[in-house]
Structures are given as structure tokens and as C-alpha cells.
Amino acid sequence: MTSNQILDLRKKVLEKEFSRMNNMQKEAVFHVDGPLLILAGAGSGKTTVLVNRIANIIRYGNAYASSQISPEFGELDLSAVNNFLAQGTPLPEETVARLAVNPCRPWQILAITFTNKAAGELKNRLVAMLGEPGNDIWASTFHSTCARLLRRDADRLGYSAHFTIYDTDDSRRLMKDCQKALGIDDKVLSYKAILSAISHAKDSMVLPDEFERQAGTDNRLAMIAKAYRLYQSRLKDADAMDFDDLICNCVLLLKNHPDVLDYYQNRFRYVMVDEYQDTNHAQYLLVNLLAQKSQNLCVVGDDDQSIYKFRGATIENILSFEKNFPKAKVIRLEQNYRSTKNILNAANAVIANNVSRKGKTLWTDNKTGDKIGVHTSFSEQDEAEQISKKILEEVANGRKFHDFAILYRMNSQSNTLERMFVKSGIPYRVIGGLRFYERKEIKDMIAYLSVINNPNDEIRLRRIINQPKRSIGDKTIAQASEIAEQVGESLYDVICHADEYEPLKRTAQKLLQFASTMKELVEAAEDETVRLSELYQMILDKTNYIEALRAAEGDEAQDRIENINELASNLIQYQEDNGEEASLSGFLEEVSLMTDIDNYDEDSDSVVMMTMHSAKGLEFPVVFLPGFEEGIFPGIQAIYNPTEIEEERRLAYVAITRAKEELYILNAESRMIFGSTVRNKPSRFIQEIPEELVETSRSRSWKKPQPGTVLPTSSRDARVASTEAARNFGPAEIARGSVPAVRFKPGDSVYHKTFGNGMVVSATPMGNDTLLEIAFDTIGTKKLMANFARLQKC
DNA sequence: TGAGCATAGTTTTTT
DNA sequence: ACTATGCTCA
């Protein structure tokens, strides 16, 4: 064979190996060396490209573009190659190795995403494609990547290896302390304003010194600079970093320690970043530092989906990639595999109204699909009812509950929907809002674990010192804290020796008692034979936390106790997943970098509700978008600001492109917001969708508008109105009676998918349906409609 | 020290 | 409407 023939054959193999990709996708997969910018539209298969590109790099290296031929190429098993080309018989590994040019080991690849969910999905797909070696690829979020690098070399920055990660609540508490120490009145300069200024500073790598210099004579900024400085020094004393510090400190580590930088630059031959449009300056620096030597940086993004500008993301990073890397190859993925033509065209039409964008038009081979349902209801309750009706109707026609998603602009919109769903017996889950790890009792338990792990963590120590109540008040804590500062010891140490300090005499007994409890727990934590779950149980036993909770809250305690047990099972899960590796600081890190959306599992059959922001990266067969009204979406604060309108429009684009098959957009003529009823005009985004893609309907006909803001007050009125509405909403008839009518009587034992086992207390016939009152074993008594509740007799 | 009442502030938030 | 926070008073 001539070398040209060899190269040709090799290309054929690669083309065949990745033949499921379209041409543009293949181009991205085969561009291995050198900077690469992939502009990937919504639903264009960017994760698939990322996965296949990594697989290509690991298996074949740069074989596609290279003219190098490995010396063993001559021993190539030609019949295996031909079988593969002709019938797709898998290639033996050694044949792959002979075809490869400079392939890469899995652990030399770093793939960074924004969410744990995205990282998890990437990892799963890599393992599915590459088998066990896929696990060695570093696929993680910015924050956990940084945490990992920092754990290894934290001492270089003056932190210990088991530093604590502060969440926003911890930061808030700490800043309040700083305000107090500096005599800053929150009304003059709020902790929120300070924290947000600091966060932005860190995003752009502005440290306290620099901040102070930039502040100049501006009083306000000078004050913030002081607070910033104090805040950082307290964080360091507590051996803690906030979220922004993880990135910021990591950049500092690499910048100021050439040997560390060198190590990672050699280690990571290929760096990939997903959702690049959402990176901030610090993240940009991090990525650039890591990839500077190899120049093998591949970023994937979509300027039209940049929706986190308010958090410091700078679209500049994507717009100027070509400037930073003049040799960068740019690939556009414009074929959408997710949505119907109608949905995609609607999204294209809306986003076309934005001026500042790179500009691209998605297209699809998918079928045209149904028109987009735009429904005007008369109130937010009605809106919720329309959605419930539609869902039940489609479920009766064979859809599953988990096919539906409701995406809204603000979390508070979920309340009305939730109430309606409970009433209709529709199983649902709300993602976001008050998160699991933000609940008081969970934060308390985490705080106990944190203090055991790192007694210097003053913020969390103060959180638990009187939780449960130990009669240790703010005064005492302030006093102890002052002493700690004076003698240069940590608060924890002062409390351990409370009897030695005159001012603490009166409460010394209580403090010492608390200290001895903590000491026992610390000892247990250090004891290798005590497992994490046992430690957790010890905390509960020794603090009497649950008993105190019951005493204080009575009935409400049940939920909280369940949460505490839920955390215990998380802990056990972590223990099982990590075996010998499991450690307290490991668990704490995982917890502090985890969010609700990570726990969202698609398997459970329920409707999912979340904000449009959280929905980025997800897709659903049927999507409802309630609240498309001027003042809600776009939000009131965006209406007079063209830049913000563009950001809102990008959010609309994200929301619309989540839908695969059906899309329903709703607006209400009037709605209750912040306590008062307002009448909003339909959102401009509705008008931006071409008429021919839309089928409109409304709950109240134009002909007989009710005067003023009189809304149906009795449930009977609402029912009459909404039956009429249901007729107008979408082409299909409501499937009444298609739900098998099972008879229930008081005393029956029943099972409900969401609520578990229970017993029927009462059954009241109501129209065609029966109102059941059911006492559930776990959550108490609920009222459900028999036809909608999907109950099983048992 | 803790309970009870007044008041303010309510967009989104991958970590 | 709702909730979380802060302030006052016992």
C-alpha cells in the first residue's frame, strides 16, 4: 500500500466509526489538535459531539488529520478492517491501536461543565461508550474541579487540605458579622450589595488590594473594599472558601506557582468546556491557563442561550474566542434533532429580534408537528387549571406524567400550580425553590459535621452552639468571640476553656458542656473504626436534636425529622459509593457543591416544574410556559432596558427549545402578584411568534367579557368557566370517563403513587366524580378527586 | 434569653 | 400573600 492509500483507508475507518454523526459533527469530532470553538444550537447534539470527540481522542488520537503512520501499521489486520467497513464488525483493540496516532489516556482529558447533572450525564455516556476507562476522565463542574486542585495544594495559599466550602447562607452570616465589626449600617450599605460587589470582583479576579485602589475616593466603594478585606481574612481564619473563591483561588494557585501550573498543563492534554457562553472572566483565565501549553482547548457554547449575565457570565468569552486563539477552528452545529419544525421556527423567530448575537438559524428534519397552543386564561388559578386539564387529557390518551414539564420565570409561580395538582391528584415534583440543603435542620446537621471536620469554622460553630437550645445567647457568643480575637485563639478553643476566662464565668458551665459533647464527636470522627453513618447517629443522640425539635414544633417537626433521616440516607449512599475512600470532608464537599436539580431523576412518573433557568440543558416531550405576560416575562425590571430585554428573550429561546413535541404558552388576563391583583398585557414574545405557527384559545370568550376585575369566586363558577375553557384549549376533547371508574368507600385501603399508603376516610359524590378524603400513613389527610387521583385499591 | 409583633422585601442563581 | 428578619418587652 502507498502511504496515501493507507491514510485513505484510515480515514474510511474513522468515517465509518463515527458515521452516526452529521458532517459538521464529524468535523468537530475529527478536529483534535489546536483550539476549537463549537457554536452549538439548542438540541444540536452537542453532548453527543463532546462524547464522541473524547472517544476519538482516546481511541484514535489525531489519526484523522495526521499524515503520520505508526511503524506497526504494516501488521494491520486488513481483514478485520474490511469486515468493519463492510459489515460494521467491531474492530479488535489492537487494530484500533495500530490505526491511532498519538492517542490519549483517559485521565489526560479534562471536561468541564456547569452543573453536576451535566457532568454526570457526560460521564455516564462516556462510560457507556468507552467502558470502564471512561471513569478515569475528569468530567466535572468548574467548582468541583477547582476544589479538587485546591485540596491538593491548599497549603500554598495558606489553607489546609480540609478547608470548608461556604455556601451563600454562610457567606451572608459572615458578611453580617463583618458589617457589625466595621460599623456598617445595613440600611446604608446592605450585606447583599457588598456580597454582590465582592462576587463580581472575584469573577473578574479583582482582589481586595486592587479593589481598594479602584475605589479611590468613592466612599461607598472604599467601604466595600474594607468589608471585602475583612471578609477574606475571616474566611482564611475559618479555613473556608466561598463558591467564588474556589475559582479565584484556583487561578491564583496556577498563576503564582509555576510548578503546579506546569504539572497540570502536562497532565491535561485536552481541555473541553461546555456552556462556554456562561463562563465568567475567572473561569476564562482558569481554562486558558490550563490549555496554554497544549493549545488543545475545545469550547462549546451558544450565544443565544446565555442567560446568566446577571451572575457575571460574560458573553465576550465566546464572542472573542477567535481573537484570543487566531488559529481557532470554528464549527457551527445548526441541525436540531430535538423539536418539531413548528417549535423550532417559533424559537428562531423570537430570537431573531435580538440585535447582539453571532447569528445562526437552526433547522430540523423532524416533522412539522402540532401548532403551538397559546392560551389566554383569566386568572392564574384558571391558568393552572387549564394546564392540569390538558395533562390529564393527554395522560388519558397514553402520555406519561413525566412527559410534561412546566417552566416558569420565578419560583413563586409554582404555588398555584402545586395547589391545583394536589387537587387533581397529578403527581409532580418541584425543582429548586427551597432546596433540600437549604433547609434549617439540614444546615444544622451539616454545620455539626463541618465543625467536627474543621473546628475553626466559626460561622458554622455559631450556628449550632445554641441549636438545639442550650441557653447560650448572643451576648455570650459575642463575648467569647471577642476574647478569641484578643488572645488570638479560635472561638472553639476559647469555649473549650471557658472557665479560664473571667467574663464567661456565668455561662462557663453551659459552654463546657457543649465543648465536651463536641470533643467526643471529634474523637469519634478521628476514630477509624467509627463509620460516617455512626458518627451522624452519635450527633443526633448526643445533642438530642430530634427531641428538641419535637418539643419546639410539635406537628411540623415530622417533615424536618424526615429530612434529617433523608440526609442520613444520603450519607449512607455516599459511604457505599466511595467505600474506603469515604471521608467526612469528602462528603461535606459533595454536599456543598450539590444542588436540587442533580437529584432530579427522570424515572419517577411525575410532572416536573422548575424555572426556565434550571431547565437549560433538559428536554421534554410537552412543555407548558405559563405567565407569558409583560411584567412577568419579560420581568418588570427588564422592560425599559434593551440589554435586559435581550437577556429575557434568550431565556424565552431556551424555554421554547426545551420542547420536543408540543408547546403551550399561557398568559392570564389578571393575576395576583405580591398581594395585589394586576392586569398584564400578553408578553411581546408571544407576538414575536409568527401567527401561522400558533393556535390561540382563551378561557373567556371576547363576546361576553365580565366587567372589571370580577373573578369567579365560587368553585362552581370556576368549574363552569373552565369546562368551557377546556373546550377551547387545543384541538382534542377532554377525555371524560376514559379514566376507569373505581368505586371507593370509607375504610378502603388505598395506594397513591406520590403519597403512599392510606385509608379512605370519607367519600362524597360530586358531579361525575367523587371527592375522597384519605388519611395517608406518612403525610396526613388529603382531599383528592377519585377519577384524577390514580389510586389503587389494596 | 426568648417570645411576640412590626416591617420590609420580595427575578433568575448551574456552584 | 407570604415570609424572613429585626426589634421590643417581659
Side-chain angles (χ1 to χ4, degrees), chain A residues 112-120 140-147 165-173 176 186-187 190-192 195-196 199 202-203 241-248 250 274-275 277-280 282-283 305-313 380 407-413 415-416 431-435 437-438 440 466 469-477 506-507 510 552 589-598 600 610-618 627 631-639 644 647-648 650-652 654-655 671-677:
Chain A
I112 304 180
T113 63
F114 272 79
T115 62
N116 292 310
K117 187 176 190 331
S140 55
T141 63
F142 265 105
H143 290 83
S144 46
T145 305
C146 288
I165 299 171
Y166 272 9
D167 64 16
T168 36
D169 184 60
D170 299 316
S171 300
R172 215 190 73 230
R173 284 162 183 260
K176 284 188 171 176
D186 194 74
K187 287 190 188 89
S190 69
Y191 66 88
K192 268 189 185 163
L195 281 173
S196 126
S199 177
K202 287 179 179 174
D203 284 350
M241 297 189 199
D242 67 18
F243 287 139
D244 300 318
D245 281 335
L246 290 175
I247 314 287
C248 204
C250 202
D274 196 6
E275 307 280 12
Q277 75 280 356
D278 290 331
T279 50
N280 60 37
Q283 289 163 333
Q305 290 188 68
S306 157
I307 52 173
Y308 283 108
K309 217 178 56 190
F310 70 96
R311 293 187 36 187
E380 79 265 35
L407 312 178
Y408 34 74
R409 180 65 237 263
M410 23 180 193
N411 281 125
S412 58
Q413 285 176 266
N415 293 336
T416 317
I431 310 285
L434 19 108
R435 297 183 188 150
Y437 289 103
E438 277 167 17
K440 265 189 217 83
N466 199 29
K469 300 258 182 292
R470 299 187 178 90
S471 307
I472 302 172
D474 291 343
K475 263 249 168 68
T476 313
I477 299 167
R506 208 147 28 106
T507 38
K510 305 250 166 57
E589 176 166 324
E590 199 174 289
V591 160
S592 53
L593 296 179
M594 182 136 73
T595 55
D596 249 21
I597 191 129
D598 307 328
Y600 161 65
M610 65 180 95
T611 63
M612 300 177 192
H613 280 90
S614 330
K616 191 161 76 152
L618 306 176
I632 306 274
F633 187 50
I636 189 85
Q637 61 329 294
I639 280 180
E644 296 223 15
E647 175 122 340
E648 297 279 286
R650 286 194 291 273
L651 186 56
V654 168
R671 101 168 45 229
M672 189 82 115
I673 190 152
F674 302 146
S676 50
T677 305

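The shown structure was predicted, so the numbers you read here are calculated from the model rather than taken from an experiment. Naming: A, B, ... by sequence-line order, numbering from 1 per chain. Basis for what follows: all heavy atoms, side chains included, without hydrogens, waters or symmetry-related copies.
The side chain of Met410(A) has dT12(B) as its nearest neighbour among dT12(B), dT10(B), dT5(C). Side-chain proximity of Met672(A) to the nucleotides dA1(C), dT5(C), dT11(B) is greatest for dA1(C). Of the candidates dT13(B), dT11(B), dT1(B), dT13(B) carries the atom nearest the Tyr308(A) side chain, counting heavy atoms from C-beta on.
The CG-P distance, from Asn466(A) to dA3(B), rounds to 11 Å in whole Å. The distance between atom CD of Gln305(A) and atom P of dT13(B), rounded to the nearest whole Å, is 16 Å. In this structure, the CG atom of Leu407(A) is 12 Å from the P atom of dT13(B), given to the nearest Å. Nucleotide dT12(B) holds its C1' atom 12 Å from the CG atom of Asp278(A), rounded to whole Å. Whole-Å rounding puts the Asp169(A) CG to dT13(B) P distance at 17 Å. Taking atom NZ of residue Lys202(A) and atom P of nucleotide dT13(B), one finds them 21 Å apart after rounding to whole Å. Lys309(A) has its NZ atom 17 Å from the P atom of dT12(B), to the nearest Å. The interatomic distance linking Asn415(A) (CG) with dC2(C) (C1') rounds to 9 Å, in whole Å.
Of the residues near DNA chain B, Ile472(A) and Asp244(A), the one whose nearest nucleotide (by heavy atom distance) lies more toward the 5' end is Ile472(A).
Residue contacts for Gln637(A): at a heavy-atom cut-off of 4.0 Å it reaches a base atom on one of the strands shown. Contact annotation for Lys616(A): no contact, since no heavy-atom pair falls under 4.0 Å across all strands. Residue Thr476(A) is in sugar-phosphate contact alone, with no base atom involved, counting any heavy-atom pair closer than 4.0 Å across all strands shown. Contacts of Gln413(A) with the nucleic acid, taken as non-hydrogen atoms under 4.0 Å apart, are absent.
At dT11(B), none of the side-chain N or O atoms of Asn411(A) fall inside 4.0 Å of OP1 or OP2 (strictly under the cut-off). An OP1 or OP2 oxygen of dT13(B) is reached within less than 4.0 angstrom by no side-chain nitrogen or oxygen of Thr168(A). In this model, the phosphate group of dG6(C) is approached by a side-chain N or O of Lys176(A) to a distance below 4.0 Å at OP1 or OP2. Checking the phosphate oxygens (OP1, OP2) of dT13(B), a side-chain nitrogen or oxygen of Thr611(A) falls inside 4.0 Å. Contact annotation: Ser412(A) side-chain N/O to dT12(B) OP1/OP2 distance is not under 4.0 Å. Between Arg470(A) and dT1(B) there is no side-chain polar atom (N or O) within less than 4.0 angstrom of OP1 or OP2.
To the nearest 0.5 Å, atoms CZ (Arg172(A)) and CG (Asp242(A)) are separated by 14.5 Å. Taking CG from Asp203(A) and CD from Gln283(A), the interatomic distance works out to 7.0 Å, rounded to the nearest 0.5 Å. Going from atom CG of Asp169(A) over to atom NZ of Lys440(A) covers 10.0 Å, rounded to the nearest 0.5 Å.
Using a 4.5 Å cut-off on side-chain heavy atoms (C-beta onward), Lys616(A) and Asp278(A) make contact.
Aromatic ring pairs are classed by plane angle as parallel below 30°, tilted from 30° to 60° and perpendicular above 60°; the pair His613(A) and Tyr308(A) is tilted.
Stacking between Phe310(A) and the base of dT11(B) is absent under the criterion of ring centres within 5.5 Å and planes under 30 degrees.
Between the side chain of Arg409(A) and the base of dT11(B), no donor-acceptor pair of N or O atoms lies under 3.5 Å.
Using a 4.0 Å cut-off between charged side-chain N and carboxylate O, Arg173(A) and Asp170(A) make no salt bridge.
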